[in-house]
Amino acid sequence: MHRYDLISCHDCGKLHRRHPLAPRQKARCVRCRCVLYRGIASDANRMAALVLGAVFTFLIAQLFPIVALDVNGLRSSATLLGAIHVLWNENMQVVASIVFLCTVLLPAVELGSLLYVTLSLRAGLHPPGLHPLLRVVRAAHHWGMTEVLMIGILITVVKMTSLAQVEPQPGLFAFGALTLMLAIVTAFDPRILWQLTDEQARARGAALPAPVLAGRAPTLTCHACGLVAEDRGRHQRQRCARCGAVLHRRRPDSVARTWALLLAAAILYIPANLLPVMVTHSLFGKEDDTIISGVIYFWHSGSPALAAIIFIASIVVPVLKLAALSLLAWTAQRRSRWRPSQRTVLYRLVELVGRWSMLDVFVITLTVALVRFQTLAVITAGPGALAFCAVVVLTMLASMQFDPRLIWDHLGANGENDGRNRP
C-alpha cells in the first residue's frame with residue numbers, strides 16, 4: 001500500500017485510505033468521527049494571493065494606531081507594539097513577551113513562511129527548507145491569536161467609551177480585515193501544501209521517499225506532515241522520511257507531563273483571581289480591579305453581553321479546561337474504556353476554546369496603553385495579570401502534551417464499547 005494514500009486519525013490513530021473530495025466536503029474518522037481532511041482546491045495561485053493580501057493587512061495593523069482617546073483635549077492612542085512596550089516598561093516582561101509572541105511574532109512567521117512556500121509552488125519550484133517551514137507554520141498557527149485579539153480590541157473600545165471619546169484608527173479596521181483573511185488562509189492546512197508538493201514532484205518524475213508499506217505492518221504517523229511510516233521497533237529512533245520530524249508511537253510521558261502542567265496551572269489560578277489584574281491611579285485615589293470586578297463593571301454599565309463574554313473566557317473556560325484535562329488524564333492513566341467517543345469530543349472542545357482565555361490579557365494590554373493621562377488617570381497592570389497569563393499558557397501546553405490516542409488504545413480495533421464501564 002502506498003503511504004501517500006494513507007491518513008491516520010489525529011484523535012484515535014486509526015488508519016484510513018485517502019480518497020479525493022470535492023470542495024467543502026469532509027472526510028471523517030469511522031471510529032471517533034474526527035475530521036481527517038477537507039476538500040479544498042489546492043490552487044497555488046489562489047493561496048499565494050490570499051497570503052500576500054494578509055501580509056499587507058498585517059503590516060498595516062501593526063504599524064498604525066488601533067484607537068485614540070480624547071479626554072478634555074488630552075489625547076492618547078496606541079498601536080499593538082506600543083501597548084506591548086508599555087507592559088515591558090512596567091516590569092511585566094513575561095506578559096509582554098507572551099502577547100508579542102501570540103499577536104506579532106508568530107502570526108508574522110506563519111504568514112511569511114506561507115508566502116515563501118506558496119509563491120515558490122506557484123512558480124512550480126520546490127523551495128529550499130520547505131519541510132521545516134511547514135512544520136513552523138503548524139506550530140505558529142496553534143499559538144497565533146489574532147481572532148482573540150480582535151475581540152479583545154472590541155471589548156476595550158466599548159469599555160473606553162465610558163471614560164473618554166473614542167476615535168477608531170486605521171489599525172482597528174486592519175485587524176478586523178486581518179481576522180477574516182487569516183480565517184480563510186488558515187483553512188489551507190499545511191498538510192495540503194505537503195500534498196501539493198508531492199503532486200508536483202510526481203509530475204516532474206521525482207522519486208518520493210519509501211513509498212510502500214507492508215499490508216499489516218505496525219505503523220507510526222508523523223505529527224507534523226501526517227506521513228505514515230513503518231514501525232521498526234522501540235529501540236530504533238525514527239524520523240519522518242518527508243519532513244524529518246521525530247516519530248513516536250505516542251507522545252513520550254504524555255500523562256505525567258499533562259498532570260505536572262495542570263498542577264502548576266491550578267496553583268496559579270488562585271492568585272490569578274485574588275490579585276488585581278489592573279491598578280487605576282486617578283485624582284480619586286487608587287483602585288484595584290480583579291477579573292471578577294471587571295465582569296461586574298460591564299454588567300452594571302449596561303453591557304451584559306460583554307460581561308458574559310469575559311466571564312466565560314476568563315472564569316468558566318479555565319475551570320472547565322482544568323477539570324476536563326484532569327478527567328482525560330485520569331481515565332487515560334487508569335486505561336479506562338469508559339465512553340471513548342465522548343472523551344474524544346471533550347478533548348476537541350478543550351483544544352478549540354483553550355486560546356480564548358487570553359482575551360482578558362489582551363484587554364489589559366490595550367487598556368494599560370490607552371489610559372496614560374498623567375494628570376487625570378493612569379492604569380497599570382497588576383500581579384494577577386501575570387498569574388492569569390501563566391494559567392492560560394500552562395493549560396494550553398497541557399492540552400498539547402495529552403495524546404488523545406491513549407483514550408482508544410485499550411479498545412478493540414473499531415473502538416467498540418458497551419458504555420457500561422465507568423472511569
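Given the structure is predicted, the values throughout are model-derived calculations rather than measurements.
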Measuring from atom [atom1] of [X] to atom [atom2] of [Y], what distance do you get when rounded to the nearest 0.5 angstrom?
X      : Y      : atom1 : atom2 : result
Leu328 : Leu346 : CG    : CG    : 5.0 Å
Thr146 : His141 : OG1   : NE2   : 10.5 Å
Leu114 : Leu119 : CG    : CG    : 10.5 Å
Leu182 : Met145 : CG    : CE    : 14.0 Å
Thr258 : Leu406 : OG1   : CG    : 8.5 Å
Met47  : Leu115 : CE    : CG    : 13.5 Å

Return the minimal non-hydrogen interatomic distance between [X] and [Y], and the atom names on each side.
X      : Y      : value
Val350 : Ser399 : CG1-CB, 4.0 Å
Thr280 : Ile379 : OG1-CG1, 3.6 Å
Leu247 : Cys222 : CD2-CA, 3.5 Å
Phe388 : Val361 : CD2-CG2, 3.8 Å
Pro404 : Arg251 : CD-NH1, 4.0 Å
Met92  : Ala381 : CE-O, 3.8 Å

Of Leu370, Val371, Ile364, the residue whose pairing with Thr367 passes side-chain contact (heavy atoms from CB on, under 4.5 Å): Val371
Given Ile155, Val295, Val363, the one that forms side-chain contact (heavy atoms from CB on, under 4.5 Å) with Leu306: Ile155
Output yes when a side-chain donor or acceptor of [X] lies under 3.5 Å from a complementary backbone atom of [Y], and no otherwise.
X      : Y      : value
Ser254 : Gln401 : yes
Lys321 : Gly354 : yes
Ser314 : Phe311 : no
Ser113 : Glu110 : no
Thr79  : Phe64  : no
Arg343 : Trp338 : yes

Test log, rule side-chain contact (heavy atoms from CB on, under 4.5 Å), inputs Leu133 and Tyr116: CA-CA 9 Å; Leu133 279 177; Tyr116 170 71; 3.1 Å; yes
Minimum side-chain heavy-atom gap [X]-[Y] below 4.5 Å:
X      : Y      : answer
Leu262 : Leu322 : yes
Leu178 : Glu147 : no
Asn273 : Ile315 : yes
Thr57  : Phe173 : no
Arg249 : Arg405 : no
Thr344 : Trp408 : yes
Val67  : Pro168 : no
Ser326 : Trp259 : yes

Heavy-atom neighbours of His85 NE2 exceed 12 at 6.0 Å: no
Criterion side-chain contact (heavy atoms from CB on, under 4.5 Å) on Ile310 and Phe298, from CA distance to verdict: CA-CA 9 Å; Ile310 295 177; Phe298 278 109; 3.3 Å; yes
For Asp409, the option from Lys14, Arg335, Arg250, Arg337 that meets salt bridge (charged side-chain N to carboxylate O under 4.0 Å, His left out): Arg250
Steps toward side-chain contact (heavy atoms from CB on, under 4.5 Å) verdict (Trp143, Met358): CA-CA 11 Å; Trp143 289 96; Met358 284 293 289; over 6 Å; no
Derivation and outcome, side-chain contact (heavy atoms from CB on, under 4.5 Å), residues Thr156 and Met160: CA-CA 6 Å; Thr156 306; Met160 292 298 103; 4.2 Å; yes
Parallel, tilted or perpendicular: rings of His10 and Tyr347 (30°, 60°): parallel
